[in-house]
Amino acid sequence: MQCLRAEHLVSTETTPRQRQWRPQIYRKCTDKAWLFLFFLFWAGLVFIMGYSVAAGATGRLLFGYDSFGNVCGKKNSPVEGAPLSGQDMTLKKYVFFMNSCNLEVKDVRFSSTILCVSSCPEEQLNTLEEVQLFANTTGSFLCVYSLNSFNYTQNPNADSLCPRLPVPPSKSFPLFNRCIPQTPECYSLFASVLINDVDALHRILSGIMSGRDTILGLCVLAFALSLAMMFTFRFITTLLVHIFIALIVLGLLFVCGVLWWLYYDYTNDLSTELDTERENMKCLLGFAVVSTVITAVLLVLIFVLRKRIKLTVELLRVTNKAISNSPFLLFQPLWTFTILIFFWVSWVAVLLSLGTAGAAQVIEGGQVEYKPLSGIRYMWWYHLIGLIWTSEFILACQQMTIAGAVVTCYFNRNKNDPPDRPILSSLSILFCYHQGTVVKGSFLITVVRMPRAVLMYIYNTLKEKQHGAWSSCVSRCCYCCFRCLDKCLCHFNQNAYTTTAINGTDFCTSAKDALKLLSKNSSHFTSVNCFGDFVIFLGKVLVVCFTVFGGLMAFNYHRVLQVWAIPLLLVAFFAYLVAHSFLSMFETVLDALFLCFAVDLETNDGTSEKPYFMDQEFLSFIKRINKLNNARAQRDKNSLTNEEGTELASVR
């Protein structure tokens, strides 16, 4: 009978009826085509992973290799046509250049013969007899492998098969495991050729690998700071908020001061000759300018919004009460962080393998060079899209899971008997019904962020080629516009995910319904919700500030042979993502609560027939906000009336 009555009502309607909100009543699989598209995309990523494993050789980048195709410190396979390849270099871990004082690069390869040796000569060797004595004493052979150490002084071709005399003293350095000459004249020539003429991608990757211990330590620091910030927000008080804001101000000012001091130190350093040092100096200037602008903007916002601190503390307490109904929400970011770490490590491993993918070719003298394979750069772009899309998908799954748990607890009539395992219930609903929705939302973020990467690349290219300032300004403005669009789209997606968790609709329908509902009820909570999100954003800024400061202090000790600007950017990006993974839980709970409240107002009126789902504490908080907003509106109205009266009096 109910189905017949519903059919009759539909047939008698002459105008389309607005879709009704049905919290957690109806479910169906949403955006299935997008889920299929994501599977196809990941099939391409799996192909790239397999290709990088088959064609790449990360060991060549990490450990270095000789002129005959042997990776130092490893057991090698022979290359056809190269008789000196395929040797066991397990005990020969260091790369030695036979002509390190006159090193040149011709056709993207070094003119000097390169060998793998067991140790670097720490003292200058002036004659072949001293080279022979060094080989017999240390077991480190500095002549070509085919020449026995007993024949160093007897072979007529020893001048071409042994290093050019005198052999300067050298010392092993963790970058590439190279034997770096220590005499000033040889060192400057060697370093300028070795660093400046190496491909930019390889230089960046080598900088990452040479500073991997520092990067790992900074990542652990970012993780610890994010955990501390999460528990600070969990047990927030007014005093803690004031201390927290004071730390933000001091941290921003301190980081800005350190950046400008380091830039001044670089500009006054007369030994700044290498490309790496100049790149680090330029990046320092960019960091300093950007951090100064951000600091100024944040300080102005903190000063303007300082009077809303008390309301923000109450808002965070309401959020914490919602979290207390499902306390395991605090551990949800840990799972997300673990999955992201696993994915990022895999992504970097594939990137390193792609960066060393090349086909071995035998040239004159039985030496081996590696020719880059065609299509590698296209794979890099595809791999970059995979990084952004998959990372956003993982974060979107966390947002949907948290929103689903909040929705389950909010739309529960018996507040004294909370639902069992709301997180597991939310996860099961996500994986059974709404994976396509989070795929679509994360794809929209990727579509916005890829042009940002392209525009930044264009901006840097135009700056290097010294094109007009107008072109650089246009590309920079477009980049800023895409960044603003990215921020708006993230908030847009969050509301769409929460609406999907409530109503079970697809992404576009959910986004449209959420936009209509929030625009209708924006007067209730827009201002205080924005300030709450702003305080949570300040927490992320604090994590990034302290992590970047630690990175500046650590990387500055290896400023010569390391492009540390890129690793520092990666550390800052990682710190922000980790802080976002942890603290975005509070943003998600906050936004989900207010959307649930708007749905509650839409479907109920507070009477005995239709009572509200919200508890009394949340209802009293909303009433206080409305009271403050009404008082402010009345004050503005009275001020406007007084101004109009003054104008009329002056006219008379």
Side-chain angles (χ1 to χ4, degrees), residues 49-100 103 105 107-121 135 138-147 163 170-180 190 193-195 197-199 201-213 348-373 376 561:
M49 290 178 189
Y51 181 82
S52 66
V53 172
T58 312
R60 292 205 309 268
L61 177 66
L62 303 184
F63 306 108
Y65 60 99
D66 63 13
S67 298
F68 309 100
N70 300 298
V71 178
C72 300
K74 299 288 182 181
K75 190 174 182 180
N76 299 275
S77 301
V79 177
E80 186 177 355
L84 296 180
S85 64
Q87 299 194 32
D88 187 359
M89 298 293 180
T90 306
L91 300 178
K92 300 178 179 181
K93 300 181 180 180
Y94 303 102
V95 180
F96 175 75
F97 292 84
M98 292 178 59
N99 192 10
S100 59
L103 198 61
V105 174
D107 298 328
V108 202
R109 68 184 184 90
F110 293 106
S111 59
S112 172
T113 302
I114 306 172
L115 301 175
C116 293
V117 297
S118 57
S119 62
C120 302
T138 63
S140 183
F141 305 99
L142 305 183
C143 296
V144 175
Y145 309 133
S146 58
L147 182 63
S170 58
K171 186 177 181 181
S172 62
F173 192 79
L175 181 63
F176 290 121
N177 290 329
R178 258 59 168 183
C179 291
I180 299 178
F190 176 87
V193 173
L194 176 64
I195 297 177
D197 291 318
V198 175
D199 180 74
L201 176 67
H202 284 200
R203 229 168 48 225
I204 293 170
L205 294 179
S206 63
I208 294 174
M209 294 311 302
S210 62
R212 58 187 180 274
D213 295 335
V348 170
V350 173
L351 179 66
L352 293 174
S353 297
L354 285 177
T356 57
Q361 292 185 343
V362 181
I363 56 176
E364 69 276 2
Q367 296 188 4
V368 177
E369 69 175 3
Y370 292 91
K371 184 179 180 180
L373 300 175
I376 288 294
L561 288 178

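Both backbone and side-chain heavy atoms feed into the values below; hydrogens, waters and symmetry mates do not.
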Check: What pair of heavy atoms forms the shortest contact from Val71 to Cys116, and how long is it?
Finding: C-SG, 4.4 Å

Margin query: Is there a side-chain contact between Ser85 and Asn70 in this structure, where contact means two heavy atoms from C-beta onward sitting under 4.5 Å apart?
Written below: yes

Next item on the list: Would you name the heavy atoms of Ser118 and Gly139 that are closest together and state the gap between them?
Entry: OG-O, 3.3 Å

Notebook entry, point to check: Is the shortest heavy-atom distance from the side chain of Met89 to the side chain of Lys74 under 4.5 Å?
Noted result: no

Notebook entry, point to check: Do Val144 and Met98 touch side chain to side chain, with heavy atoms closer than 4.5 Å?
Noted result: yes

Margin query: To the closest 0.5 Å, what do you measure between OH (Tyr94) and NZ (Lys171)?
Written below: 11.5 Å

Next item on the list: Give the minimum heavy-atom separation between Ala82 and Gly366, together with the two atoms involved.
Entry: CB-O, 3.5 Å

Notebook entry, point to check: Can you find a pair of side-chain heavy atoms, one from Val117 and one from Leu142, that are under 4.5 Å apart?
Noted result: yes

Note to self: Could you check whether any side-chain N or O of Ser170 sits under 3.5 Å from a backbone N or O of Cys179, counting only pairs where one atom can act as donor and the other as acceptor?
What the structure shows: no

Margin query: Between Val95 and Tyr65, is the side chain to side chain contact (heavy atoms under 4.5 Å, CB included) condition met? List the steps.
Written below: CA-CA 7 Å; Val95 180; Tyr65 60 99; over 6 Å; no

Check: Do Asp66 and Tyr145 have a side chain donor and acceptor closer than 3.5 Å?
Finding: yes

Note to self: To check you understand the geometry: which heavy-atom pair defines the closest contact between Ile114 and Ser67, and what is its length?
What the structure shows: N-OG, 2.7 Å

Next item on the list: Check ring-ring contact (aromatic ring centres under 6.0 Å, His included) between Phe96 and all other residues, then give those that pass, not counting sequence neighbours.
Entry: none

Check: Would you say Leu147 and Phe141 make side-chain contact, with heavy atoms under 4.5 Å?
Finding: no

Notebook entry, point to check: Are Lys92 and Leu115 close enough, and set up right, to give a side chain to side chain contact (heavy atoms under 4.5 Å, CB included), and what steps lead you there?
Noted result: CA-CA 9 Å; Lys92 300 178 179 181; Leu115 301 175; over 6 Å; no

Notebook entry, point to check: Is any side-chain heavy atom of Asn76 closer than 4.5 Å to a side-chain heavy atom of Gln87?
Noted result: no

Next item on the list: Work out which heavy atom in Cys72 is nearest to a heavy atom in Phe63; give both atom names and the distance.
Entry: O-CB, 3.3 Å

